[in-house]
Amino acid sequence: MKKNLRSYLALFLSLFLLLCLPTLSFAEDEEATAEWRIDESGDLLYYGQERYLPFDLSYDYLNLWDFSKEATVLLNDRELSVAICDDNPDLVLLYEDSKDYADGGCKHLYYKESALAEAKALLEGEFTSYKLNDEFYISKVENALIEGILSRYEEQKQTVEVLELENADQYELLGYFKKGLPLKKLGVLLDSDKGYYYVSYQGLTNDRFTSDGKLSTREGQVSALLLTEEESAAISDALYDYTFTKPQVSADPPTALLYVFFFIGVALFGIFSPLLILVFAVIMLVRKKTLHPARYVALGLLSIAWIVLALLVALLILI
Amino acid sequence: MLGKCLKYDFKETFKLWWVGALVSLLSALPLSLLIFSIMNDIGDQSSFRWQVFPLMICYIGVVVGMMISLFSVYVRYYRHFFGKEAYLTFTLPVKRTTLFTSKYITALFFNIASYAILIFGMAGFMGYAILDTAGSGFSGSAERESLVTMVIVALIVIVVYALFFLYTISLSTLSYFFIITFCGVYFKKYSLLAIIVAFFCLSFFGSYAMMLPMMGGMLGIFGLVGLIDANIVSMGPLQGFALIGAGLLLVIVAVTALNMLLAFLSKELLERKLNVT
């Protein structure tokens with residue numbers, strides 16, 4: 001009885017310690033995030049010894065990035081959140097939870113000092129790829145096609161009444177510098193009855209946009225370029241081949257969560273369950289009393305095939 | 001000998017099964033008409049009121065009828081191995097494995113027949129719903145090539161789902177057989193009470209587990225499409241086909257293993273532990 005009690009106590013304590021394990025990982029996180037700090041003027045952000053400088057960008061650049069909150073810092077008694085760009089860890093966003101981070105421009109964007117020169121040089125350089133963005137979908141377009149449109153724009157643009165474009169679907173044209181580095185909203189393609197119109201955002205004032213960032217078609221005129229039939233057909237083809245846009249700012253990156261669920265699923269249904277059946281089959285085989293050992297050989301082989309196939313499926317998804 | 005066992009089992013199971021099947025068929029026919037009528041009179045409050053009460057009665061009729069017809073096979077199993085009839089059963093010069101196999105085939109047949117009766121009862125409504133959807137989907141503008149592809153894909157989906165459906169029925173049948181055998185062997189005097197409690201628990205918690213093969217297949221396909229769409233997973237057509245093939249094979253192997261496990265356990269218990277003499 002005493003021995004049993006000791007075993008139960010040991011089991012209980014082991015379980016308790018096992019349950020404590022996750023808190024250890026959180027403790028480590030807290031230690032790491034505690035290193036973020038900001039100087040009194042708000043011009044310098046530190047992560048350990050690394051310095052981050054303000055990165056001056058217009059609102060156009062910001063909209064489609066994903067940031068993950070990392071820590072909070074105090075600036076003149078105001079609590080600010082520090083979020084790191086998912087695609088580019090050198091890019092950091094500082095914002096107040098109670099306010100929209102984009103409110104009043106992007107003065108709260110910081111870039112790692114050691115990589116800032118390279119980023120600025122890239123921003124002054126040429127775009128490496130272009131994409132069209134609907135509210136929910138994003139499509140890649142050929143560089144030559146867009147570069148042709150952009151080069152003709154200044155010379156061949158015409159003045160169009162925006163009311164004519166009232167019912168046209170809008171697709172924002174985004175220019176990308178490099179994977180993980182900022183993108184820029186260049187303009188918008190409008191799918192009208194006459195064909196696609198391209199309107200550049202350059203020079204357009206804030207009152208030309210609706211509250212959700214679309215080109216306002218209520219009143220006035222804009223400079224627009226009517227695309228040729230070939231260009232319109234190529235744009236339609238590009239729009240047909242789309243992917244879904246990701247959510248914009250997330251506290252927890254969904255990808256990581258998906259992977260966690262995926263690995264739990266693989267471990268539980270792909271390894272643990274068939275392993276239990278395999279152990280059972282082996283026990284039945286070893287027992288002398290078992291009436292039909294061939295059945296358990298088949299069951300054991302099936303459970304091995306189960307594990308192999310589950311690992312194969314996991315591998316095919318991951319590669 | 002299996003043929004004779006099957007004949008006897010079919011005859012005995014049918015005695016209770018037909019009552020449930022008739023109730024579910026007679027309830028499903030008006031239920032189908034009522035749903036059809038409600039869908040046509042949407043927004044008409046006065047006709048809706050008098051339709052709701054009969055609709056509920058018919059719905060309850062379908063559920064009760066289905067329960068009777070589905071459970072008739074388990075009643076037969078219990079009576080044959082653990083009821084009064086058991087004394088006679090084990091004096092027959094037949095292997096217990098043969099008796100078990102006969103029960104399993106009978107159960108599969110009558111369970112599928114129960115669902116077939118329900119589908120037949122609701123056929124009018126289901127046919128209308130399918131034609132309505134197809135009509136709005138194609139509207140005469142679909143190209144022939146895409147239509148042929150769609151039909152082929154639809155046939156593959158139907159075959160795959162029919163297979164999963166069969167597996168699900170087989171798995172649920174063997175689970176109930178195992179429960180009855182386990183309770184019958186270990187609870188002896190209170191076996192019926194234990195079976196009822198276990199049935200309730202399995203129906204309550206386990207019905208979702210029974211649907212896992214079907215749900216898993218569906219979720220797997222949609223989840224994978226989602227992963228690809230979200231640019232988390234990118235794969236070529238060859239990898240895609242390999243993945244679908246391996247996934248289907250995995251489900252088949254896993255459910256076959258589970259079926260075998262339950263069947264072997266039940267047979268082992270019947271042959272080794274059952275002592276009715």
Side-chain angles (χ1 to χ4, degrees), chain A residues 66 87 136-138 140 179 242-247 253-259 261-262 265-266 269-271 273-281 284-285 287 289-319, chain B residues 95-98 100-101 174 178 209 212-213 215-217 219-274:
Chain A
D66 295 338
D87 295 325
F136 304 107
Y137 312 110
I138 196 154
K140 201 171 184 316
K179 187 173 165 45
Y242 59 80
T243 53
F244 293 98
T245 47
K246 289 191 280 182
T255 323
L257 203 65
L258 264 172
Y259 277 118
F261 276 119
F262 176 74
V266 170
F269 296 107
I271 298 170
S273 313
L275 210 60
L276 273 185
I277 297 176
L278 183 64
V279 169
F280 168 75
M284 290 303 275
L285 269 174
R287 276 179 67 199
K289 290 177 190 170
T290 306
L291 294 169
H292 306 280
R295 290 175 180 175
Y296 294 99
V297 173
L299 187 63
L301 288 176
L302 266 181
S303 54
I304 291 169
W306 181 345
I307 295 172
V308 171
L309 278 168
L311 292 177
L312 178 70
V313 167
L315 201 71
L316 278 169
I317 290 175
L318 290 178
I319 55 171
Chain B
K95 280 186 197 167
R96 290 179 194 189
T97 303
T98 314
F100 183 86
T101 311
L174 287 170
F178 174 69
L212 266 182
M215 302 264 287
L219 283 177
I221 290 165
F222 283 123
L224 194 62
V225 171
L227 283 174
I228 293 167
D229 269 335
N231 271 347
I232 294 167
V233 171
S234 57
M235 61 177 68
L238 196 68
Q239 195 185 345
F241 278 120
L243 184 65
I244 291 170
L248 281 176
L249 209 61
L250 171 66
V251 174
I252 290 169
V253 165
V255 186
T256 308
L258 287 173
N259 272 308
M260 279 168 73
L261 178 75
L262 288 167
F264 294 169
L265 276 174
S266 305
K267 282 181 186 179
E268 201 77 22
L269 282 174
L270 275 179
E271 298 205 37
R272 292 197 51 80
K273 297 280 182 182
L274 198 61

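Chain identifiers are assigned alphabetically (A, B, ...) following the order of the sequence lines, protein sequences preceding nucleic acid strands; residue numbering begins at 1 within each chain. Fair warning: this is a prediction, and the values are worked out from it, not measured in the lab. All values below come from the heavy atoms of this structure, side chains included, with hydrogens, waters and symmetry mates left out.
For the pair A:Leu316 and B:Ala246, the tightest heavy-atom approach, listed with the atom from each and the gap, is CD1-CB, 4.2 Å. Shown here for A:Leu302 and B:Val253, the closest heavy-atom pair between the two residues is O-CG1, 3.4 Å.
Residues of residues 293-300 of chain A lying within less than 4.5 angstrom of chain B, judged on heavy atoms, are A:Arg295, A:Tyr296, A:Ala298, A:Leu299 in numerical order.
Rounded to the nearest 0.5 Å, atoms CG (B:Leu265) and CE (A:Met284) are 6.5 Å apart.
Annotation: side chain of B:Leu258 is in contact with side chain of A:Ile277 (closest heavy-atom distance under 4.5 Å).
Remark: A:Ser273 engages no residue in a side-chain hydrogen bond (donor to acceptor under 3.5 Å, both in side chains) (not counting sequence neighbours).
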